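Sequence lines set the chain letters: A, B, ... in the order given, protein chains first and strands last, and positions in each chain run from 1. The model shown is predicted, which means the values in this text are computed figures rather than measured ones.
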Amino acid sequence: QKEVEQNSGPLSVPEGAIASLNCTYSDRGSQSFFWYRQYSGKSPELIMFIYSNGDKEDGRFTAQLNKASQYVSLLIRDSQPSDSATYLCAVNQGSNYKLTFGKGTLLTVNP
Amino acid sequence: KAGVTQTPRYLIKTRGQQVTLSCSPISGHRSVSWYQQTPGQGLQFLFEYFSETQRNKGNFPGRFSGRQFSNSRSEMNVSTLELGDSALYLCASRRVENTEAFFGQGTRLTVV
């Protein structure tokens, strides 16, 4: 079983719609969860982090965490063409100091 | 506040050579991690250093090594380069474990 799984996509949404990105993880001891955005040819950029069950909102972004289901998601409201990128889910697994990444979901927002 | 700085940005090396990459973390950050990113494998964890100690190592051959200095700057070295080592090498710094990690611009290594 892969440690962190994401749908590879591509996920295509129209401008102004809500984009929903999902991630599951295998280690129940995982404590912190992150979403990164990576534009083609660039390095990953942190956009959200969440440590507790529930929702966390920051502008157009909402991260949702459900530790019982080992599931974390990212919602992007009012999607813009500039949101088109690969979104990486990362999980800090317990106390092994290692941040494990999913392979990313490619999001395309169509004008 | 300065971000994570990686040097050099681009490198072209020949098979069999060795290479050293450098990473300067954000001021005050003591944890530095290294990742290899390739189109097929995604981001693969190489190793993590904290206060000059390697605390975790990914599943890479011994040709990949690293170190961290007292000022938290880190270097990684790859010896006897292979074509398959061509990748984007990313460094990330964190204040302490379990906190947010911030990436540098990366070093694009091409082995010919």
Side-chain angles (χ1 to χ4, degrees), chain A residues 2-10 21 23-52 56 58 61 63 65 67 72 74 85-106, chain B residues 3-7 9-10 21 23 25-26 29-60 66 68 74 87-110:
Chain A
K2 292 181 182 176
E3 294 175 292
V4 179
E5 290 203 55
Q6 296 181 251
N7 289 328
S8 60
L21 304 161
C23 172
T24 57
Y25 59 94
S26 61
D27 185 353
R28 284 196 172 274
S30 299
Q31 300 177 6
S32 47
F33 308 85
F34 308 89
W35 283 99
Y36 288 82
R37 177 175 63 198
Q38 187 174 25
Y39 294 112
S40 180
K42 302 294 186 182
S43 62
E45 172 193 11
L46 179 68
I47 54 172
M48 288 289 287
F49 59 91
I50 186 166
Y51 300 144
S52 305
K56 179 181 178 181
D58 184 0
F61 299 98
L65 175 61
K67 288 187 177 181
V72 59
L74 178 70
T86 296
Y87 288 80
L88 299 164
C89 171
V91 176
N92 208 114
Q93 298 180 297
S95 60
N96 69 3
Y97 316 117
K98 173 183 167 184
L99 197 59
T100 301
F101 286 80
K103 292 201 172 181
T105 298
L106 177 62
Chain B
V4 181
T5 303
Q6 289 188 246
T7 56
R9 292 290 310 279
Y10 303 93
L21 313 181
C23 172
I26 292 170
H29 284 198
R30 299 166 65 189
S31 166
V32 174
S33 299
W34 289 89
Y35 294 84
Q36 180 195 67
Q37 188 174 35
T38 57
Q41 297 299 317
L43 270 159
Q44 301 286 306
F45 173 78
L46 281 156
F47 24 67
E48 191 262 0
Y49 288 89
F50 185 87
S51 293
E52 302 179 68
T53 299
Q54 184 183 93
R55 299 194 298 187
N56 201 355
K57 190 176 190 303
N59 189 26
F60 278 83
Q68 186 180 33
S74 177
L88 179 65
Y89 289 87
L90 292 159
C91 164
S93 81
R94 294 193 279 185
R95 188 170 46 82
V96 292
E97 60 267 21
N98 283 330
T99 57
E100 311 88 85
F102 298 91
F103 282 89
Q105 298 282 66
T107 295
R108 173 76 61 184
L109 172 65
T110 302

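- Taking CG of A:Leu99 as the start and CD of B:Glu48 as the end, the distance is 10.0 Å to the nearest 0.5 Å.
- Between B:Glu100 and A:Phe34 there is a side-chain heavy-atom pair separated by less than 4.5 Å.
- Heavy atoms of B:Gln37 lying under 4.5 Å from chain A belong exclusively to its side chain.
- When heavy atoms are compared at a cutoff of 4.5 Å, A:Gln38 approaches chain B solely by way of its side chain, counted from C-beta outward.
- Contact annotation for B:Tyr35: only side-chain heavy atoms (C-beta onward) come within less than 4.5 Å of a heavy atom of chain A.
- From A:Lys98, atom NZ reaches atom CG of B:Leu46 across 11.0 Å, with rounding to the nearest 0.5 Å.
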Side chain to side chain contact (heavy atoms under 4.5 Å, CB included) between A:Lys42 and B:Leu88, worked out: CA-CA 10 Å; A:Lys42 302 294 186 182; B:Leu88 179 65; over 6 Å; no
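- With a 4.5 Å cut-off on side-chain heavy atoms, B:Phe45 and A:Phe101 do not count as touching.
- Between chain A and the options B:Ala101, B:Ala92, B:Gly106, B:Gly42, heavy-atom pairs under 4.5 Å are most frequent for B:Ala101.
- When side chains are defined from C-beta on, A:Pro44 counts as touching B:Leu90, because their heavy atoms get closer than 4.5 Å.
- At a threshold of 4.5 Å between non-hydrogen side-chain atoms, the residues A:Thr100 and B:Gln44 do not count as touching.
- Listed for the A:Ser43 side chain is no donor-acceptor partner under 3.5 Å among the backbone atoms of B:Phe103.
- Using a 4.5 Å heavy-atom threshold, the side chains of A:Leu46 and B:Phe102 count as touching.
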